[in-house]
Amino acid sequence: LLGIESNSSPTPDWNDWELKAVTTKKYPEPHPSSRVTLLTSEPDGGLYVSDLNNFMLNYTHKKGDNERYFTGPWHMKKGVFHGLQLSYDDQESKIVLMDTSPNNVEVASWDLAGIINHWKSKHQHAVFVPYTKNSDKQVKFSPLVCVGEGATFELFFAALRNGTISLDPGVQFKYLEETEKWKVHKRTQWRTILKKLPTIYSLFSFIDVTNGQAFKPSLRGWEKK
């Protein structure tokens with residue numbers, strides 16, 4: 001509708017603005033519990049990078065004979081999940097997903113500076129647009145949007161450490177019989193829920209785009225700084 005092409009680059013969608021469509025159970029209002037993907041940032045270290053086939057065999061789950069998936073979520077504050085733990089390595093300044101077995105395998109890792117720079121360049125100004133979809137898959141966008149501004153290192157890092165932002169990948173491995181090889185669809189997502197957004201932006205507001213005025217959500221559960 002706005003002439004924005006599919007955008008997987010680390011730059012904003014339109015001028016300096018990032019736009020995110022978010023489902024809502026209470027149209028037209030944004031729903032506090034709606035999940036939202038903040039970033040899609042692939043690991044730059046660990047077994048995921050050095051030996052993807054070994055990673056697939058050891059850390060994915062099957063869905064039929066020809067499909068395997070790597071899914072989360074992992075939160076830094078919630079400890080071990082599926083035998084893996086997300087943590088921050090202070091010495092190396094990186095985020096690490098570690099196999100907690102005696103072998104201590106670094107399954108995947110991300111340079112913290114890379115993720116923060118991605119966040120700050122893409123989300124300095126962001127609009128979250130609620131939508132609903134009917135049985136015919138027709139989409140209706142709400143004019144009641146959430147606006148986040150000011151993507152800082154401190155707020156994002158704090159949200160990682162306290163578990164507000166989670167690692168929630170949706171990586172698919174599909175075996176193609178014609179080539180006898182696995183095809184990988186990489187989608188490593190960092191996510192949160194809508195009600196947490198006010199805590200990770202310097203400024204956060206609710207705007208009715210039909211008149212440009214602020215509105216106060218009637219739904220409870222929104223967090224404040």
Side-chain angles (χ1 to χ4, degrees), residues 1-42 44 73 95 110-133 137-160 162 164-170 186-219 221-225:
L1 294 176
L2 297 176
I4 299 171
E5 296 182 2
S6 180
N7 176 14
S8 60
S9 75
T11 57
D13 291 317
W14 183 78
N15 288 347
D16 292 331
W17 289 87
E18 178 74 2
L19 272 72
K20 292 281 187 182
V22 185
T23 58
T24 181
K25 301 175 183 177
K26 298 288 185 181
Y27 187 90
E29 286 208 33
H31 198 282
S33 64
S34 295
R35 295 195 63 77
V36 56
T37 300
L38 299 174
L39 298 173
T40 303
S41 181
E42 290 299 307
D44 49 30
I95 301 166
W110 297 258
D111 176 63
L112 179 64
I115 284 189
I116 294 296
N117 288 336
H118 186 171
W119 167 249
K120 290 171 66 177
S121 64
K122 194 171 179 67
H123 276 261
Q124 196 61 234
H125 309 282
V127 179
F128 300 85
V129 184
Y131 75 90
T132 186
K133 188 184 295 185
K137 297 185 178 181
Q138 292 177 312
V139 174
K140 187 176 183 181
F141 293 100
S142 170
L144 305 181
V145 304
C146 305
V147 179
E149 297 180 84
T152 70
F153 170 90
E154 292 81 7
L155 290 175
F156 189 84
F157 188 55
L160 279 172
N162 66 28
T164 293
I165 296 174
S166 66
L167 170 64
D168 194 10
K186 296 181 178 180
R187 188 164 177 79
T188 304
Q189 305 167 121
W190 298 85
R191 308 183 79 191
T192 189
I193 53 178
L194 214 57
K195 70 179 182 179
K196 300 282 188 178
L197 289 179
T199 69
I200 61 176
Y201 284 98
S202 299
L203 298 172
F204 194 82
S205 53
F206 302 92
I207 303 294
D208 183 342
V209 298
T210 60
N211 56 28
Q213 301 299 309
F215 73 92
K216 185 176 180 179
S218 63
L219 301 175
W222 292 95
E223 294 195 7
K224 299 179 181 179
K225 280 191 173 57

Side-chain heavy-atom pair S41, W110 within 4.5 angstrom cut-off: yes

Worked check of side chain to side chain contact (heavy atoms under 4.5 Å, CB included) between Y131 and T23: CA-CA 5 Å; Y131 75 90; T23 58; 3.0 Å; yes

Which residues share a side chain to side chain donor-acceptor pair (under 3.5 Å) with N162, sequence neighbours left out: T164

Salt bridge (charged side-chain N to carboxylate O under 4.0 Å, His left out) partners of R187, counting only residues at least two apart: none

Partner set under side chain to side chain donor-acceptor pair (under 3.5 Å) for T132, not counting sequence neighbours: none

ring-ring contact (aromatic ring centres under 6.0 Å, His included) against W119, all qualifying residues, sequence neighbours excluded: H123, F156, Y201

Q189 side, atom CD; L167 side, atom CG - distance, nearest 0.5 Å: 9.5 Å

Min side-chain heavy-atom separation C146-K20 under 4.5 Å: no

Residue pairs, two or more places apart or on separate chains, that pass salt bridge (Lys or Arg N to Asp or Glu O under 4.0 Å) and touch residues 194-205: K196-E223

Nearest heavy-atom neighbours spanning A21 and F141: CB-CE2, 4.2 Å

Residue list, side chain to side chain contact (heavy atoms under 4.5 Å, CB included) with D111, at least two apart or on another chain: D44, A113

CG-CD distance between L38 and E18, expressed to the nearest 0.5 angstrom: 10.0 Å

A158: side chain to side chain contact (heavy atoms under 4.5 Å, CB included) partners, not counting sequence neighbours: none

Within-4.5 Å side-chain heavy-atom neighbours: E149 and W17: yes

Whether F157 and F153 hold their rings parallel, tilted or perpendicular, with breakpoints at 30° and 60°: parallel

Distance, nearest 0.5 Å, that separates OG1 of T199 from CG of L197: 7.5 Å

Stepwise side chain to side chain contact (heavy atoms under 4.5 Å, CB included) check, V36 with T192: CA-CA 6 Å; V36 56; T192 189; 3.6 Å; yes

For H31, ring-ring contact (aromatic ring centres under 6.0 Å, His included) partners two or more places apart: none

S205 side chain reached by V147 side chain, heavy atoms, under 4.5 Å: yes

Heavy-atom donor-acceptor pair, S166 side chain to D168 backbone, under 3.5 Å: no

Inter-residue atom distance S34.OG - K26.NZ, 0.5 Å rounding: 11.5 Å

R35 to I193 - nearest heavy-atom pair and separation: NH1-CG2, 3.6 Å

Any L194 side-chain heavy atom under 4.5 Å of W222 side chain: yes

Residue among I95, T40, T37 satisfying side chain to side chain contact (heavy atoms under 4.5 Å, CB included) with W190: I95

K186: partners by side chain to side chain contact (heavy atoms under 4.5 Å, CB included), with sequence neighbours left out: E42, Y48, L52, V184

Any residue meeting side chain to side chain contact (heavy atoms under 4.5 Å, CB included) with P143, in chain and number order, not counting sequence neighbours: Y27, D208, V209, T210

Within-4.5 Å side-chain heavy-atom neighbours: V22 and P30: no

CG-CG distance between N117 and L112, expressed to the nearest 0.5 angstrom: 9.0 Å

Report all side-chain donor-acceptor pairs from residues 211-219 shorter than 3.5 Å, counting only partners two or more places apart or in another chain.
from : atom 1 : to   : atom 2 : distance (Å)
N211 : OD1    : Q213 : N      : 2.8
S218 : OG     : E29  : OE2    : 2.4

